[in-house]
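Reckoned from all heavy atoms, side chains included, excluding hydrogens, waters and symmetry mates.
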Amino acid sequence: MSKQRLLFSASEVYPFAKSGGLADVAYSLPRALGTEYEVHVIMPLYQFVDRERFNIVSLGEHFDVVMGGVVYPVELFGCQYEGLEYRFIYSPLLCDRDFLYGPPDSGYEDNATRYGIFNYAMVALLKQEAYTVVHLNDWQSALVPLLIKEDKTIQTKTVFTIHNLAYQGVFEPSVLKTLGIDKRYFTMDSMEFYGQVNFMKAGIAYADMITTVSPTYAKEILSSKFGCGLEGFLHYHRHKLVGIVNGIDTEHFSPSEDKTLITTYVDLRGKAVNKRAYLKEIALKDAKKPLFIFVGRFASQKGLDLLIEALPKIVALECNIAILGEGEGKYHDALKSIASKHHNIHLTFGYDEALSHRMYAAADFFLMPSLFEPCGLAQMIAMHYGSLPIVHQVGGLADTVHHYKDFDAKSTKGYGIIFSEPRDVLFIKAIDEAMELYVHKRHYNKIAKHNMRCDFSWQESAKSYLEIYEKISEKKSDV
Ligand code: ADP
Ligand code: GLC
C-alpha cells in the first residue's frame, strides 16, 4: 500500500521566513508527525528567502494560475531541510516584496491577490499529485477548501487551523472578482462579512475539520469577547472545531544544545553564566537582581498597553528589565521614552532569533501580559529555559502555565505567576509576587528546575493531529 501524503501549508515557515509563532509551528509540527505520512511543507518563495543557503532549486514545473481572467505565472521550487521535503510557490506578484505581509503598521493593498495566487497554485498542485490531506493554516491559505469544493475532482481532505482570529484576511467586495470567486459565495453563510470579503470564513465554512491552537482558545472564540465577530459563525461550525495545544521544538529550543548561547546548560548554575554574560552585553548591572524580559510583537494583543502603563512602577523596583521586539510605532515611542529615564531597562528593537535565545537563557521572569493569546509559544520556551512566565490567564497561557502557589513537584505541569484580568494593578501585583518569590531563592529555583524538565514538546499534540487526519480520510472511503 502506498503511503498517505500530507501537504502542510503556511505563509511563513521557520527558518525560511518568520514573523511569529506560526512559522515555529509550521517548522516543528510537520517533523513531529513521524513517518505515517509523506509530508510536504509548502509556502511562498518570498524574495528574501535564502535560496542558496537552503539549496532551494526549481523543480522545473511552470504553470499559470488564471484568476478573474488574469494570468499569473507560477514556478514550483523545492528543497530538503533537516530530513523534510519543502515545496515553494514562486510567482512575482506574490513573492517579490520586502516584507511578508506589508511594512510595519500596514498590509500590502494587494494581499488578497497575492494569497489568492498562493491558494490557486496549491490547488493546481493538488490536481497533479494525490495528497490524502492538506493542512491549511490561517487566512493566507483559507481559500483552498472552497476551491477544492468548486473543482469537484480533488479528493484531498482539508484541515484548517486558526492561529489567530484577529487576522481574518478581510478585503473590499471587489476582490471577489479579482479572485475569480463566484458571487454566490458572497453570503453570510459563506465569505461575506459585514459587506466585505473574508478569507478565513471560507476556511471555516468548507474545511472538513477546523482546529485552533489551544483548548481554552477554542472555547473563548465562541464568545463575543474573543470571537472577533465570527463567534456566531464558529458556533454554527463548532461540531468540526477542536482545540489542540501547540508544542515547541525541544531540539531547536534546547538549553543543553543551543549553539546561540554563551554556554549551554542543564542546570541553574549554567543559566546564571548566561545571565551574567547577557547583562554585560547590554550593560545592565547587578546579576543578583531578578531579570524580567519581554520578547514579542509590539501589538495590543501582547498587552503592550498594560506593559507600558506598568513599566514606570516596575523599573522602580530592585530589578532589571530587557525588552526585544518590533511592531507598532506608538509602542516603540512609548518604550523609548520610559527607557530614556531609567538605568535598569534595556530595549532592543527588531527581530533577532539568536538574541531572543540568549534572553530566554538569561531571564528569571518572562513577561507575557497578553490581552488574548490563542496559544503562545514564548511562555513555553521561557519555562524550558528555566524562566518563570508572568501571564494573564487567557487562551493558551491558561492551558500551559499553572499558578506557582499550586506548585506540585510530582506534576508534569509548568508553573508561573498568573493574573486573572488584564488590569495594571493586577499585573503589578503579579510582579510584586515575583519579586517576593525571588527572595525565597530556593523555592524559586525548585520551580525553575521543575519547568526545565517539563515536556513542552509536540509529542501528544502531534498524535491528536494524526487522529484528525485519519478521521477525515476515513470519511472519504465512506462516500
Ligand atoms: P505570536 O505568534 O503571537 O507572535 P508566539 O508566542 O506564539 O506569539 O510566538 C512568537 C515567536 O516569535 C517565539 O518563537 C518568539 O521567541 C519569537 N519572537 C517574537 N518576537 C521576536 C523578536 N523580536 N525577535 C526574535 N524572536 C521573536
Ligand atoms: C499566533 C498566536 C499565538 C500562537 C501562534 C502559533 O501567532 O498569536 O498565540 O502561539 O499563532 O500557533
What do the steps show when you test Tyr90 against Arg51 for side chain to side chain contact (heavy atoms under 4.5 Å, CB included), and what is the final call? CA-CA 12 Å; Tyr90 175 72; Arg51 295 186 189 191; 3.8 Å; yes

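In this structure, a donor-acceptor pair under 3.5 Å is absent between the side chains of Gln4 and Ser473. Between the side chains of Thr264 and Asp258, no donor-acceptor pair of N or O atoms lies under 3.5 Å. Side-chain atoms of Tyr465 and His135 include no donor-acceptor pair closer than 3.5 Å. If you check the side chains of Ser190 and Tyr206, you find a donor sitting under 3.5 Å from an acceptor. No donor-acceptor contact under 3.5 angstrom links the side chains of Gln140 and Asn119, judged on distance only.
With Tyr108 contributing its side chain and Phe99 its backbone, the two residues share a donor-acceptor pair below 3.5 Å. In this structure a side-chain-to-backbone donor-acceptor pair under 3.5 Å is missing from Gln80 to Gly83. Thr212 places no side-chain N or O within donor-acceptor distance of the main-chain N or O of Gly243, the cut-off being under 3.5 Å. Of the possible polar contacts, one joining the His332 side chain to the Gly327 backbone as a donor-acceptor pair under 3.5 Å is found. Here the side chain of Arg238 pairs a donor or acceptor atom with the backbone of His235 at under 3.5 angstrom. A donor-acceptor pair under 3.5 Å is absent between the side-chain atoms of Thr412 and the main chain of Cys454, judged by distance alone. With hydrogens and angles disregarded, a donor-acceptor distance shorter than 3.5 Å links the side chain of Gln168 to the backbone of Cys228. Judged by distance alone, with hydrogens and angles left aside, the side-chain atoms of Asp64 form no donor-acceptor pair with the main-chain N or O of Val71 at under 3.5 Å. Formation of a donor-acceptor pair under 3.5 Å by the Ser223 side chain with backbone atoms of Glu220 is found in this model.
A salt bridge is absent between Asp399 and Lys219; no separation between the charged side-chain nitrogens and carboxylate oxygens falls under 4.0 Å. Between Asp24 and Lys18, at least one side-chain nitrogen of the basic residue sits less than 4.0 Å from a carboxylate oxygen of the acidic one, meeting the salt-bridge criterion. Salt-bridge annotation for Lys302 and Glu328: absent, with no side-chain N of the basic residue lying under 4.0 Å from a carboxylate O of the acidic one.
With values rounded to the nearest 0.5 angstrom, Ile162 atom CD1 is found 4.5 Å from Ile221 atom CD1. Taking CZ of Phe292 as the start and CG of Leu388 as the end, the distance is 10.0 Å to the nearest 0.5 Å. One distance of note links OH of Tyr360 with CG of Leu324; it measures 8.5 Å at 0.5 Å rounding. In this structure, the separation between CD1 on Ile244 and CH2 on Trp458 is 8.5 Å, given to the nearest 0.5 Å. Residue Met43 holds its CE atom at 8.5 Å from SG of Cys95, rounded to the nearest 0.5 Å. With rounding to the nearest 0.5 Å, the separation of OH in Tyr331 from CD in Glu326 is 15.0 Å.
Heavy atoms of other residues, nucleotides or ligands lying less than 6.0 angstrom from CZ of Arg423 number 12 at most. Summarising the local packing, CD of Glu109 is surrounded by 12 or fewer heavy atoms from other residues, nucleotides or ligands at distances under 6.0 Å. Within a 6.0 Å sphere centred on OH of Tyr236, heavy atoms belonging to other residues, nucleotides or ligands number 12 at most. The environment of CD in Glu353 is crowded: more than 12 heavy-atom neighbours from other residues, nucleotides or ligands sit within 6.0 Å. The neighbour count for Gln459 CD, taken as heavy atoms of other residues, nucleotides or ligands under 6.0 Å away, does not exceed 12.
Taking the six-membered ring where the residue is Trp, the centroids of Phe372 and His392 are separated by 6.0 Å or more. Remark: aromatic rings of Tyr37 and Tyr469 are close, center separation under 6.0 Å.
The aromatic rings of His239 and His237 lie tilted to each other, with the angle between the two planes from 30° to 60°. Ring geometry, His252 versus Tyr27: the interplanar angle exceeds 60°, so the pair is classed perpendicular (tilted spans 30 to 60°).
Take Thr211 and apply the side chain to side chain donor-acceptor pair (under 3.5 Å) test, not counting sequence neighbours, and it matches Thr161.
With a 4.5 Å cut-off on side-chain heavy atoms, Arg97 and Gln47 do not count as touching.
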For a quick test of your reading: what N or O donor-acceptor pairs under 3.5 Å do the side chains of residues 7-15 make, sequence neighbours left out?
from: Ser11; atom 1: OG; to: Tyr101; atom 2: OH; distance (Å): 2.8
from: Glu12; atom 1: OE1; to: Ser19; atom 2: N; distance (Å): 2.5
from: Glu12; atom 1: OE1; to: Ser19; atom 2: OG; distance (Å): 3.2
from: Glu12; atom 1: OE1; to: Gly20; atom 2: N; distance (Å): 3.0
from: Glu12; atom 1: OE2; to: Ser19; atom 2: OG; distance (Å): 2.7
from: Glu12; atom 1: OE2; to: Tyr101; atom 2: OH; distance (Å): 2.6

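Identified under the ring pair (Phe, Tyr, Trp, His ring centres under 6.0 Å) test for residues 51-73, with sequence neighbours left out: Phe16-Phe54, Phe54-Tyr81.
Nearest approach of Gln379 to Thr400, heavy atoms of both residues: NE2-OG1, 3.0 Å.
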